[in-house]
Amino acid sequence: GCEEYIKNKEYKKFKKILYKYQHRVYKLIWLTEGFMQCGCEYGLTNGTYMYNPVRVKSKKKSDLNNKNISFIGRICPVKRVHLLTKMFLEFSRENDDWKLLIYGSGEDKDIVMNENIHLCGSTSDVKKVLTNTDILALTSAHEGFPMVVLEAYECGVPVITFNFKVSCSEVVKNGETGFIVDMDNEEEYIEKLNMLCNDNELRKEMGKNASEYVKKFYPEVVSKRWYKLFKGEL
């Protein structure tokens with residue numbers, strides 16, 4: 001998150017440059033409003049934010065009746081796929097008709113397996129994967145602005161994630177487009193999985209909300225904000 005980055009050694013190497021020259025540049029561009037506010041708290045006040053636009057558009061939406069939970073991303077320590085598989089094993093004790101599909105490359109040596117957990121490798125067709133998915137699951141220790149969430153929304157798929165702070169509430173509307181779980185609260189995460197998997201109406205309602213919410217990240221919307229910036233209105 002922004003606060004952790006501002007405090008680390010890498011940032012300290014060039015923070016003096018940022019502070020000295022921030023008012024000589026037109027604007028500092030932050031990835032999210034949360035990052036911008038965090039920067040302001042540390043004296044970086046000459047800024048605004050610009051969301052990355054969603055890269056996928058899909059007329060086809062998931063029917064949310066596939067009984068698939070998907071992870072899409074790098075399989076590396078920060079994504080903590082091993083934690084997701086551990087929680088899925090607990091979840092599947094009472095939900096053995098659901099599958100966990102893991103898409104991505106990399107290595108997480110602590111991943112646990114059973115017959116309902118599938119390592120699917122990398123995919124070049126995210127849209128196809130997501131329209132066959134009911135829930136996108138994230139377990140990252142931290143994130144900046146996870147584009148895969150917006151791609152899931154575009155396909156009508158709700159999300160469950162741990163609270164990766166700063167931008168989390170801008171990407172996931174808790175209780176509306178998915179669930180935000182307190183960091184490392186495995187019991188709550190499994191509880192939300194159970195809730196969303198076993199309530200078809202809730203899943204469909206959240207999927208519909210997600211399809212609407214993602215529109216604020218469409219390229220044509222984001223470009224209007226850039227236009228305002230260039231006109232000096234931000």
Side-chain angles (χ1 to χ4, degrees), residues 1-59 61 72-74 78-79 126-127 130 136 138 140-159 161-180 183 206-234:
C2 182
E3 184 175 352
E4 290 81 1
Y5 178 65
I6 282 174
K7 290 179 179 179
N8 76 17
K9 292 181 179 179
E10 180 186 350
Y11 175 77
K12 289 178 180 178
K13 291 180 182 178
F14 60 86
K15 74 174 182 179
K16 289 182 180 179
I17 297 174
L18 277 177
Y19 279 95
K20 183 176 181 179
Y21 294 106
Q22 65 167 316
H23 296 295
R24 294 191 184 184
V25 298
Y26 182 59
K27 286 287 181 182
L28 296 173
I29 307 299
W30 297 90
L31 188 59
T32 70
E33 187 175 4
F35 281 115
M36 181 190 72
Q37 291 172 350
C38 189
C40 286
E41 292 175 6
Y42 285 85
L44 299 172
T45 56
N46 183 31
T48 188
Y49 66 93
M50 291 290 174
Y51 292 127
N52 286 332
V54 62
R55 299 167 295 190
V56 170
K57 281 200 173 183
S58 179
K59 291 182 180 180
K61 309 298 180 185
I72 304 173
R74 290 178 295 116
V78 72
K79 299 294 185 179
V126 174
K127 189 187 302 185
L130 288 168
L136 180 73
L138 278 73
S140 302
H142 56 81
E143 289 277 359
F145 192 79
M147 295 301 295
V148 68
V149 173
L150 303 187
E151 293 164 350
Y153 288 171
E154 179 60 19
C155 296
V157 177
V159 173
T161 180
F162 284 124
N163 188 350
F164 51 82
K165 300 181 180 179
V166 187
S167 64
C168 192
S169 62
E170 291 178 69
V171 183
V172 181
K173 306 309 291 182
N174 191 32
E176 297 178 24
T177 65
F179 289 118
I180 299 174
M183 185 58 75
M206 285 189 168
K208 183 178 179 181
N209 291 341
S211 294
E212 287 299 314
Y213 187 65
V214 74
K215 292 177 181 178
K216 70 180 289 185
F217 302 101
Y218 277 2
E220 56 268 32
V221 176
V222 174
S223 63
K224 287 180 180 179
R225 187 167 175 83
W226 277 105
Y227 183 63
K228 287 184 177 181
L229 175 64
F230 296 142
K231 287 181 66 179
E233 296 176 1
L234 291 178

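With sequence neighbours excluded, the residues satisfying side-chain contact (heavy atoms from CB on, under 4.5 Å) with N46 are Q22, H23, V25, K27. For S140, the side-chain hydrogen bond (donor to acceptor under 3.5 Å, both in side chains) criterion is met by E143, not counting sequence neighbours. For K127, there are no salt bridge (Lys or Arg N to Asp or Glu O under 4.0 Å) partners, not counting sequence neighbours. Shown here are the salt bridge (Lys or Arg N to Asp or Glu O under 4.0 Å) partners of E151, two or more places apart in sequence or in another chain: R55. Taking the side-chain hydrogen bond (donor to acceptor under 3.5 Å, both in side chains) definition, one finds that T177 meets it with Y153, sequence neighbours left out. Every side-chain contact (heavy atoms from CB on, under 4.5 Å) that L31 has, sequence neighbours left out, goes to F35, N52, F145. Residues passing the side-chain hydrogen bond (donor to acceptor under 3.5 Å, both in side chains) test with K231, sequence neighbours excluded: E233. Residues passing the side-chain hydrogen bond (donor to acceptor under 3.5 Å, both in side chains) test with Y26, sequence neighbours excluded: none. Residues passing the side-chain contact (heavy atoms from CB on, under 4.5 Å) test with S169: none are found, sequence neighbours excluded. Listed by chain and number, the residues in a side-chain contact (heavy atoms from CB on, under 4.5 Å) with E176 are K173, N209 (sequence neighbours excluded).
A donor-acceptor pair is defined here as one N or O able to donate and one able to accept, closer than 3.5 Å; no such pair exists between the side chain of S58 and the backbone of E154.
Within the structure, the salt bridge (Lys or Arg N to Asp or Glu O under 4.0 Å) test picks out the following pairs touching residues 213-225 (sequence neighbours left out): K57-E220, E212-K215.
Contact record, V159 with A152: CG2-CB, 4.4 Å, taken as the closest heavy-atom pair.
Between F162 and L138, every side-chain heavy-atom pair lies at or beyond the 4.5 Å cut-off.
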